[in-house]
Amino acid sequence: MWFEDHKENSEVILATRVNISRNIKGFSFPVKMSQDEKENVIGMARQVASELDLPFIRTDELDDSAKADLFNKYYADISFMAEDAKTAAILGKKDGVCVQVNYKDHITVESLTAGSDIRSAYRDAEDLAVEFEKRMPIAFSEKRGFLTSDIRNVGTGAQISALIMIPGIMKTTGALSVLSKRLEKFEWNIKPLIQGNDVRINSVYIITNMVTLGVDEKELLDRTESVLNDVTKLERSCRASICKKKSAIVEDQYYKSYGVLRYGRRLELPEALLHINWLMLGADHVKDDEVSLSWEQIHKLVHTVLRRYEEITAKGRKTITVPRERAERVREIVKGDEA
Amino acid sequence: MRCERCGGPIDGNKIIRLNGVTICEKCARELRIDTSLMGGSILDQAFPMLNELTNAFLNPGPDLEFANTKIRCPKCGTTLRDVESSGQVGCIECYNVFNETVLKKILKSQGNSEYKGRNPGELTETEAPVRPGSPDEEKPQEQPKPAAPRRAKSTPKEPTKKDLLERIKKADLGMISDSDLEEAMKLAAEKEDYDLAARFRDELKSRKEDK
């Protein structure tokens, strides 16, 4: 899967996502569309998918395992795949690229990549968006740009966000405030992925570009590159400083965390993330042949813990089964190729 | 400007203020307030009238409905309240119907309403700038500029419009130039601070009379 690769800066930037939203003239936006209108838009999107030779999937025809596959790859949210949603997904030729039909906007092209390679992620998204723009009458105004259902998105209609894991920054006094101020300068927003008291422990944040007007796409990409490089630089320097000053603690915690993840039988989400944080901190610092854990394994661990369809839809059996199943999946990943 | 009782728009010439509350003509009639009395001090008005107004606010009748649920897009039925609360519109037409609200929301979240992006069907040049040290490029790489100056603190040399208004608000009006006053008056009117706009207008008027 696209997030398992270890790419440039992916030890900090877990994923970079580009969403390009487009709407078709003559139809209300999905939130106000009638069932017939939704069917019409699905028909138009299916036509484009067929011309581009891309797989087209109606979400109301999906079984649970197919839904899980879309969700776990970050291609679709639960509400997107609801029974009566009348939505569809088109899979891109490249892993990490897909199109959501009838979600918040008629067409949302999504491109995901591990690490911070925003230019290739944007290129993939825009290439596909342009194909739709050429084949459909797009809602566009010279004054406002691409018209979207969310006013905050009008203009380029391009929302760029990144999922970051920053244990170094979180364990360094004042570093989060430095990062927030830097992001604010570039008009980016930062918020924890999981709200609640555990945020200082899990260190997973989402940063999002807030500007779609007043800048062109090129400047947007330049700014994004700069933001992602700044985040990586700051996190790396915090990690290096912690590993240097608290070397013994990092080493101890690294092995303890490895032990819990490798052999634990029940794992709650905050606990799992806490230990993954220590693995991330010590990954490039602890050199030992006893433990062989690659960055690819760590990435897989993070995403397996963070996004799992089976956990979200578990309902009644959440408290008993989910921690056990999570621990089982984690053990398998940490075990890797071990005999 | 909107009526604080029913939420409906008020014609600029028919603003009725009572005890610090702005209401429209229709509400004034419903509350049986004689608008011919308006303009004088609140102390000149009969106390029963004040009581009625207070009661109307404290105990709204069953027919009292905020007009921002009545103002709706004729095409998709989205109401002004929907747009104000969620920041979402229902169709393209909404952008025209709720133009003012949309613009305010955009300015609030982005600080800019000018579109500079590409046209449909065009591709963006996404190549990264040439790195320093590259044989083809001797000039050092330009760093991308942080966001456009939106807040005063990031551009101390070029005060924003908001700064101008704040500065003039606090300053002695006699020390402010005519052009700055005119600008401030427009800004205050845009912000719907009509009292402040009127203050600036009166100052400008008195200056013209002096000349």
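The structure presented is a predicted model; accordingly, all values stated were derived computationally and were not measured. Every chain is numbered from 1 and lettered A, B, ... according to where its sequence line falls, protein lines coming before strand lines.
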Output the option from A/Val227, A/Thr148, A/Asn153, A/Ile138 having the highest count of non-hydrogen pairs under 4.5 Å with chain B.
A/Thr148
Given B/Pro120, B/Gly117, B/Cys73, the one with more heavy-atom pairs under 4.5 angstrom with chain A than any other is B/Pro120
If I measure from the heavy atoms of chain B, does A/Lys104 come under 4.5 Å with its side chain, its backbone, both, or neither?
neither
Part of A/Leu147 within contact of chain B (heavy atom distance under 4.5 Å)
both
For the backbone of A/Ile13 and the side chain of A/Ser10, can you confirm whether one donor and one acceptor N or O come within less than 3.5 Å of each other?
no
Could you tell me whether a side-chain N or O of A/Ser226 sits under 3.5 Å from a main-chain N or O of A/Arg223, the two making a donor and an acceptor?
no
Flag the one option from A/Met33, A/Arg144, A/Arg152, A/Glu131 with the top tally of heavy-atom pairs under 4.5 Å to chain B.
A/Arg144
Between A/Phe140 and B/Tyr115, is the ring centroid distance below 6.0 Å?
yes
With only heavy atoms counted, which part of A/Phe27 is less than 4.5 Å from chain B, the side chain, the backbone, both or neither?
backbone
Under 4.5 Å heavy-atom distance to chain A, tell me which part of B/Thr78 shows up: side chain, backbone, both or neither.
both
Compare every heavy atom of A/Ile90 with every heavy atom of A/Phe56, then report the nearest pair and how far apart it is.
CD1-CG1, 3.6 Å
Checking heavy atoms, do the side chain of A/Ser34, its backbone, both or neither come under 4.5 Å from chain B?
neither
I'd like to know if the side chain of A/Asn209 and the backbone of A/Val211 have a donor-acceptor N/O pair within less than 3.5 Å.
yes
Can you tell which of A/Val31, A/Val215, A/Ile118, A/Asp127 has the highest number of heavy-atom pairs within less than 4.5 Å of chain B?
A/Val215
For the side chain of A/His106 and the backbone of A/Ser21, is there at least one donor-acceptor N/O pair under 3.5 Å apart?
no
Holding to side chain to side chain contact (heavy atoms under 4.5 Å, CB included), I want the full list of residues that pass it with B/Arg118, two or more places apart in sequence or in another chain.
A/Arg22, A/Tyr122, A/Glu126, A/Ala129, A/Val130, A/Glu133, A/Phe146, A/Glu217, B/Glu122, B/Thr124
